[in-house]
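Here is how names work: the chains are called A, B, and so on, in the same order as the sequence lines, proteins then strands, and each is numbered from 1.
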Amino acid sequence: MIEPVRWWSNAEIADIMDRIGDLVEVSEKEGPFQVRAYHRAADNIRHLEEDIVRVWQDDRLENIPGVGKAIAKKIDELMRTGHLRFLENLEQEVPSGVLDMLSIPGVGSKKARLFWQSLGITGVEELKKAAEEGKLRTLPGMGKKSEQRILEGIAALQSIPDRIPLGIARPLALGMLDALREALPDVILKSELAGSARRWRETVGDLDLLVAATDPMPIMDAFSNLHQVKEVLLKGETKTSVRLQNGLQVDLRVLPLERWGTALQYFTGSKAHNVALRGLALDMGWSLSEYALKRTDTGEERLCTTEEEVYELLGLPWIPPELREDRGEIQAAQEKRLPRLVEVSDLRGQLHGHSDWSDGRATLEEMAEAARSRGYEYFLISDHSVGLGMTNGLDAGRLREQRKLIDSLNRRWSDFRILAGIEVEVKADGSLGLPDEALAELDVVVAAVHTGLNQDRKTLTHRAIAALRNPNVDILAHPTGRLLGKRKGGDFDMEAILQEAAHLGKIVEVNSQPSRLDLNDVNVRRAMEIGVRISISSDAHRPSDLDNIVYGVATARRGWAEPENVVNTWPLRRLLEWIKRK
DNA sequence: GCCGTTTTCGGCCCGACTGTTTTCAGTCG
């Protein structure tokens, strides 16, 4: 098999395509459709379920949606030579600082080019200086106000956060909606979270709130005055945008109730899903906007009060927001083979939880009662094993002690059971933190890599696979070890690990901690395709953590997981039989 | 640059808000 001169990640190739898109736009080498083609290819590559190196090795690049001959050839050059002449030529022509200006709010390709070509500005600092000296206002289409906005944009650049975890953004958004409803109970007819937060993306770049009302301005005023709001960015009759104290941008749209369906559909996105849906609508003679479906020939308007009506008019069943990423869901809907996605209510048990025997904050009894009170039939206690320094991990002796407590607690209930388990450490050489004899006595063994995540790809992958091959190991926890916003996760060969799990019938975890969500949606989708069973686990360290399960379920849903694929939807007996027979 | 049971050429989603404009371009989502 042909090897690339270096291992390109999907994200790196995607970044290069985005960069080419920006460069050809600013240089005006190509028109808007070519620009969009590069960004579309970038998006699809970034969310590819397989490693692009493998796709390249199999000569399947052109099977990637949005990748044709020209882009495939560029990727091929990167794989074979490690660089791309086309990109280098563009970079010769456009100074890199010109692209940096694009990240300033209010500066797009046209303005960036204008500043560069007419004033020779090639960076954010130079632009700031020119604005302060009043040079920008002399340019065509610019004025005093635009100049001021650019200065504000540059100042904001530092305080604008990258995408923030859904676990922070979603409660924030729901709180703002509650506050609006409370302030204006008679004016607000309907309200909902839209955008990527409604699609349960793992991180969000901004928040979209949607409200139905006949009189928008009181709502816009109340919204602008919420205590979380730091500044109002723009304010109109249908749309108001604000920036919060924490830097997050929130957009509020107000629309009449009779247009709720098209509006909610539109503002939920994703952009790619909407573009595809609009294309489909056009084929059927409809122009779709947030306000209505409109016949392109007669101009007749069809209003939709629900999303279901929108999809129905286009001949489709309603598509759950988690699937709306233009990753095959529209075609699946057309062919009536949308998955029946797993729901929180499908879950019968919690697999993977901690107590104060290791680093948890509650007793085993409290954790068990918390799980039971939430309607679960079983709870796997899987405290850390020795080998992970700071967590007061269990050795074989303490594990036996804990087992006695579990047995005595289990005599208390007829409708609930604590499963004895461990989150056993996978050491740097792939061996486990506890001897096989100790593991063999447990109901369920969860294995996890916590340390040495910066080892090379081969070593890391070997560790995970060695753990899976231990006959006592049942579940591989948070497989990549990433922490959103803090740590990228190890350079594991996930394809090889998932294939091994499928082969051995081992279970791979979807960890529900908002900072983990590991496996992520893309990896879950791949796991589904090759028949890997997953567990959705809260990894709770205190009772309230059990409620994080909604994020894991959402991640599994975004990966098209059905209840059958999720082992903790199964009755306990089936789960234990599955684990025993492998 | 990509894509095709209407097309291998000619299309490619739609609208709000702002600022600089007397009718529109740029940016954003």
Side-chain angles (χ1 to χ4, degrees), chain A residues 17 20-21 23-26 29-45 61-75 86 101-115 136-150 152-153 194-196 204-210 216 220 232-242 249-255 259 262-263 265-294 296 314 326 330 334:
Chain A
M17 292 305 143
I20 293 175
L23 284 165
V24 297
E25 187 176 19
V26 171
K29 275 227 149 18
E30 304 278 4
F33 295 111
Q34 284 82 347
V35 171
R36 209 168 71 187
Y38 282 112
H39 290 305
R40 192 166 103 82
D43 197 48
N44 286 320
I45 291 167
L61 285 175
E62 287 185 53
N63 293 356
I64 302 170
V67 175
K69 279 202 159 31
I71 291 181
K73 195 152 170 280
K74 292 181 173 70
I75 297 172
F86 180 76
M101 291 195 274
L102 295 178
S103 55
I104 302 167
V107 177
S109 65
K110 294 291 197 306
K111 295 248 173 82
R113 181 181 173 82
L114 176 70
F115 302 146
L136 299 187
R137 70 184 69 173
T138 62
L139 298 172
M142 293 287 299
K144 244 176 137 166
K145 261 191 164 159
S146 322
E147 197 175 63
Q148 190 55 34
R149 272 178 69 94
I150 282 171
E152 285 163 11
S196 51
V204 301
D206 63 11
L207 288 168
D208 296 280
L209 311 181
L210 200 58
M220 298 307 189
V232 179
L233 300 173
L234 54 90
K235 191 168 166 185
E237 292 239 315
T238 68
K239 171 182 175 178
T240 292
S241 295
V242 301
Q249 181 174 328
V250 188
D251 297 341
L252 171 70
R253 325 272 176 154
V254 180
L255 289 118
R259 300 182 191 271
T262 41
Q265 194 290 314
Y266 178 83
F267 290 116
T268 297
S270 69
K271 197 170 169 173
H273 175 87
N274 285 358
V275 168
L277 203 64
R278 278 159 190 250
L280 177 66
L282 273 180
D283 291 344
M284 301 173 68
W286 294 102
S287 165
L288 173 61
S289 78
E290 59 263 53
Y291 295 107
L293 277 150
K294 205 161 149 190
T296 45
L314 301 175
D326 192 26
I330 292 178
Q334 284 176 314

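- For the pair A:L234 and A:P105, nearest-nucleotide mapping onto DNA chain B gives the more 5' position to A:L234.
- The backbone N or O of A:Q249 sits nowhere less than 3.5 Å from a side-chain atom of A:D206 that would complete a donor-acceptor pair.
- Counting only heavy atoms from C-beta on, A:A37 has its side chain closest to B:dG1 among B:dT20, B:dG1, B:dG29.
- Between the P atoms of B:dG1 and B:dT5, the separation comes to 23 Å (whole Å).
- The distance from atom NZ of A:K29 to atom C1' of B:dG1 is 16 Å, rounded to the nearest whole Å.
- Rounded to whole Å, the separation between the P atoms of B:dT20 and B:dT27 comes to 14 Å.
- Note on A:K144: only backbone sugar-phosphate atoms sit closer than 4.0 angstrom, heavy atoms only; bases stay farther off.
- A:K111 is not listed as a side-chain neighbour of A:L139, based on a closest heavy-atom distance of 4.5 Å or more.
- A:L136 CG to A:L114 CG: the interatomic distance, rounded to the nearest 0.5 Å, is 8.5 Å.
- Applying the 6.0 Å contact sphere to NZ of A:K235 captures more than 12 heavy atoms from other residues, nucleotides or ligands.
- Protein atom CG of A:L252 is 21 Å distant from nucleotide atom P of B:dC28, rounded to whole Å.
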Inset, instruction - Report, as a single string ordered 5' to 3', how protein heavy atoms within less than 4.0 Å touch nucleotides 3-15 of chain B: B base, S sugar-phosphate only, - not at all. - result: S--------BBBS
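- Using atom P as the reference point in both B:dT7 and B:dG26, the two lie 36 Å apart (nearest Å).
- The separation between A:I20 atom CD1 and B:dG1 atom P is 10 Å, rounded to whole Å.
- Between B:dC12 and B:dC17, the distance separating the two C1' atoms is 25 Å to the nearest Å.
- Looking at heavy-atom distances under 4.0 Å, A:P32 makes no contact with the nucleic acid at all.
- One interatomic measurement links the two molecules: CG of A:L233 to C1' of B:dT18, which rounds to 12 Å at whole-angstrom precision.
- Contact between A:E25 and A:S109 at its shortest, heavy atoms only, is OE2-OG, 3.1 Å.
- Of the possible donor and acceptor atoms, none in the side chain of A:T238 sits under 3.5 Å from a partner among the backbone N and O of A:R253.
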Side-chain polar contacts of residues 266-284 of chain A - donor-acceptor pairs under 3.5 angstrom, sequence neighbours left out - could you list them?
{"from": "A:T268", "atom 1": "OG1", "to": "A:R198", "atom 2": "NH1", "distance (Å)": "2.8"}
{"from": "A:T268", "atom 1": "OG1", "to": "A:L264", "atom 2": "O", "distance (Å)": "2.6"}
{"from": "A:S270", "atom 1": "OG", "to": "A:A272", "atom 2": "N", "distance (Å)": "3.4"}
{"from": "A:S270", "atom 1": "OG", "to": "A:H273", "atom 2": "N", "distance (Å)": "3.2"}
{"from": "A:S270", "atom 1": "OG", "to": "A:R324", "atom 2": "O", "distance (Å)": "3.1"}
{"from": "A:H273", "atom 1": "ND1", "to": "A:E329", "atom 2": "OE2", "distance (Å)": "2.7"}
{"from": "A:H273", "atom 1": "NE2", "to": "A:Y311", "atom 2": "OH", "distance (Å)": "2.9"}
{"from": "A:N274", "atom 1": "OD1", "to": "A:Q265", "atom 2": "NE2", "distance (Å)": "3.1"}
{"from": "A:N274", "atom 1": "ND2", "to": "A:Y266", "atom 2": "O", "distance (Å)": "2.8"}
{"from": "A:R278", "atom 1": "NH1", "to": "A:L288", "atom 2": "O", "distance (Å)": "2.9"}
{"from": "A:R278", "atom 1": "NH2", "to": "A:L288", "atom 2": "O", "distance (Å)": "3.4"}

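- The side chain of A:K111 lies closest to B:dG26 when the candidates are B:dT20, B:dG26, B:dG29.
- Following rounding to the nearest Å, A:I45 (CD1) and B:dG1 (C1') show an atom-to-atom distance of 13 Å.
- When heavy atoms are screened at a 4.0 angstrom cut-off, A:I104 is found touching the sugar-phosphate backbone but no base atom.
- If you check every strand for non-hydrogen atoms under 4.0 Å, A:S241 touches nothing.
- Between A:V35 and A:P140, the residue anchored nearer the 5' end of DNA chain B, judged by the nucleotide with its closest heavy atom, is A:V35.
- Separating the NE2 atom of A:H39 from the P atom of B:dG1 is a distance of 14 Å, rounded to the nearest angstrom.
- Comparing the same atom, C1', in B:dT8 and in B:dC2 gives a spacing of 12 Å after rounding to whole Å.
- Side-chain atoms of A:V26 and A:L102, non-hydrogen and from C-beta on, do get closer than 4.5 Å to each other.
- Minimum atom distance to the side chain of A:D208 is reached by B:dG29, of the listed B:dG1, B:dT18, B:dG29.
- Listed nucleotides B:dT20, B:dG1, B:dT27 differ in distance to A:K110; the shortest reach to its side chain belongs to B:dT27.
- The partner of B:dC3 is B:dG10, by the rule that a Watson-Crick or G-U pair needs both atom distances under 3.5 Å.
- Comparing B:dG10 with B:dT6, their C1' atoms sit 13 Å apart, to the nearest whole Å.
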